[in-house]
Amino acid sequence: MLNCNFYNPSILYANIKKGRIKVNGIGVVKTQPNIAIISLGVVTENKNLEVAQGENAEISTKVINGLKDMGIPNKDISTKNYTIEPQYDYVEGKQIFRGYKVTNILNVTIRDINRVGEIIDTSVKNGVNVIDNIKFTIDNMSTYYSKALNLAVKDAMRKAVEIGNTLKVNVNEIPTSIVEESYEEIIPQATMVKMYSSSTPIMPGEINITAKIESIFNYSSYMY
């Protein structure tokens, strides 16, 4: 009987196991803000609606002119909210009309965050009696997000390779699909402390820009 031994690739690789690994990647970029957006409000009350509106308009105009005098352009000042509300007192279960409350909230973008405290203090002197919100952000967010997205992809690739090494399988480091899951901008709350000898100090903190992806990698193992 003739016994022939020969190399047969189809036999050698007959038991190839293939599969997929789903991995989440996260990338975080930290940066300092360069823009502040503040909401400054003027609230007036009077039994006569026209008087309440007139007083509010006069003070709001003074506030806006003050902002312009400090170098804030028109494009960075906008009306966020304007409301008129009747106010009531309740005496012995009865509703008694007290007057009208007029609220004008302005959104102001400040492109020099070192001046935030100064601008708030001057606006308060000009008649602002509500500071609704202070938000710090950056004007080139897309640039930082692209960096975070790049880090998220690299994070997913690293995880896939680590999983493959643990399972002792060969992982294709190029993902077959990538799904952008979410974008997150973590903005710290501003800290305000009133100081009577200087402008209100504002501490902007640091912004964290986070990108999250879901990616799928192919892997294979060879059973000889």
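- Screening residues 171-180 for side-chain hydrogen bond (donor to acceptor under 3.5 Å, both in side chains) gives Y145-E180 as the qualifying pairs, with residues at least two apart or on separate chains.
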Where do V29 and L151 land on the side-chain contact (heavy atoms from CB on, under 4.5 Å) test, with the steps shown first?
CA-CA 9 Å; V29 173; L151 292 174; 4.0 Å; yes
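- Taking both residues in full, the closest heavy atoms of V169 and S221 are given as CG1-CB, 3.8 Å, listed atom of the first, atom of the second, then distance.
- Among residue pairs with one or both ends in residues 89-105, those qualifying as salt bridge (Lys or Arg N to Asp or Glu O under 4.0 Å) are E45-R98, D89-R98; sequence neighbours excluded.
- Residue I174 belongs to no hydrophobic cluster, having no ILVMFWY side-chain heavy atom closer than 4.5 Å to its own.
- Using modelled atom types, one finds no donor on one side chain facing an acceptor on the other under 3.5 Å when comparing S78 with N107.
- Among N56, V51, V102, the single residue meeting the side-chain contact (heavy atoms from CB on, under 4.5 Å) criterion with N46 is V51.
- Residues passing the side chain to side chain donor-acceptor pair (under 3.5 Å) test with N218: none are found, sequence neighbours excluded.
- I37 shares a hydrophobic cluster with I35; the chain of contacts runs through ILVMFWY side chains whose heavy atoms sit under 4.5 Å apart.
- A heavy-atom distance below 4.5 Å is not found between the side chains of T44 and N129.
- Note that CG of N48 and CD of E55 are 9.5 Å apart. Values are rounded to the nearest 0.5 Å.
- I59 and L49 fall into different hydrophobic clusters, where Ile, Leu, Val, Met, Phe, Trp and Tyr residues are linked whenever their side-chain heavy atoms come under 4.5 Å apart, directly or through other members.
- Annotation: ring-ring contact (aromatic ring centres under 6.0 Å, His included) contacts of Y100 (sequence neighbours excluded): F97.
- Here the side chains of V130 and L40 are not in contact, with every heavy-atom distance at 4.5 Å or above.
- Residue pairs meeting the salt bridge (Lys or Arg N to Asp or Glu O under 4.0 Å) criterion with at least one member in residues 59-75, sequence neighbours excluded, do not occur.
- Between S146 and L149 there is no side-chain heavy-atom pair separated by less than 4.5 Å.
- In the hydrophobic clustering, V28 connects to I26, either directly or through intervening members, whenever side-chain heavy atoms lie under 4.5 Å apart.
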I72 vs I77, side-chain contact (heavy atoms from CB on, under 4.5 Å): CA-CA, chis, key distance, verdict
CA-CA 8 Å; I72 308 296; I77 306 172; 3.6 Å; yes
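- Contact check for I21 versus I216: no side-chain heavy atoms found under the 4.5 Å cut-off.
- Counting heavy atoms from C-beta outward, Y82 and Q53 have side chains that approach closer than 4.5 Å.
- E58 CD: 12 or fewer foreign heavy atoms inside a 6.0 Å radius.
- The closest side-chain heavy-atom distance from F136 to I113 is below 4.5 Å.
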Go through the steps to decide whether D155 and K159 satisfy the test salt bridge (charged side-chain N to carboxylate O under 4.0 Å, His left out), and finish with yes or no.
CA-CA 6 Å; D155 182 53; K159 289 177 180 177; 3.2 Å; yes
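- Among residues two or more places apart in sequence or in another chain, the side chain to side chain donor-acceptor pair (under 3.5 Å) test is passed with E162 by R158.
- With sequence neighbours left out, the side chain to side chain contact (heavy atoms under 4.5 Å, CB included) criterion links A160 to V23, V171, F217.
- When I105, T103, T61, V63 are each tested for a side-chain contact (heavy atoms from CB on, under 4.5 Å) with V42, only one passes: V63.
- For the side chain to side chain donor-acceptor pair (under 3.5 Å) test, no residue two or more places apart in sequence or in another chain qualifies with N165.
- Counting heavy atoms of neighbouring residues, nucleotides and ligands inside a 6.0 Å radius, atom CD of Q95 exceeds 12 of them.
- For the side-chain hydrogen bond (donor to acceptor under 3.5 Å, both in side chains) criterion with S60, the lone passing option out of N126, N104, N65 is N104.
- By the side chain to side chain donor-acceptor pair (under 3.5 Å) test, D76 is found to be paired with R111, residues two or more places apart in sequence or in another chain being considered.
- Contact between I213 and A156 at its shortest, heavy atoms only, is CD1-CB, 4.0 Å.
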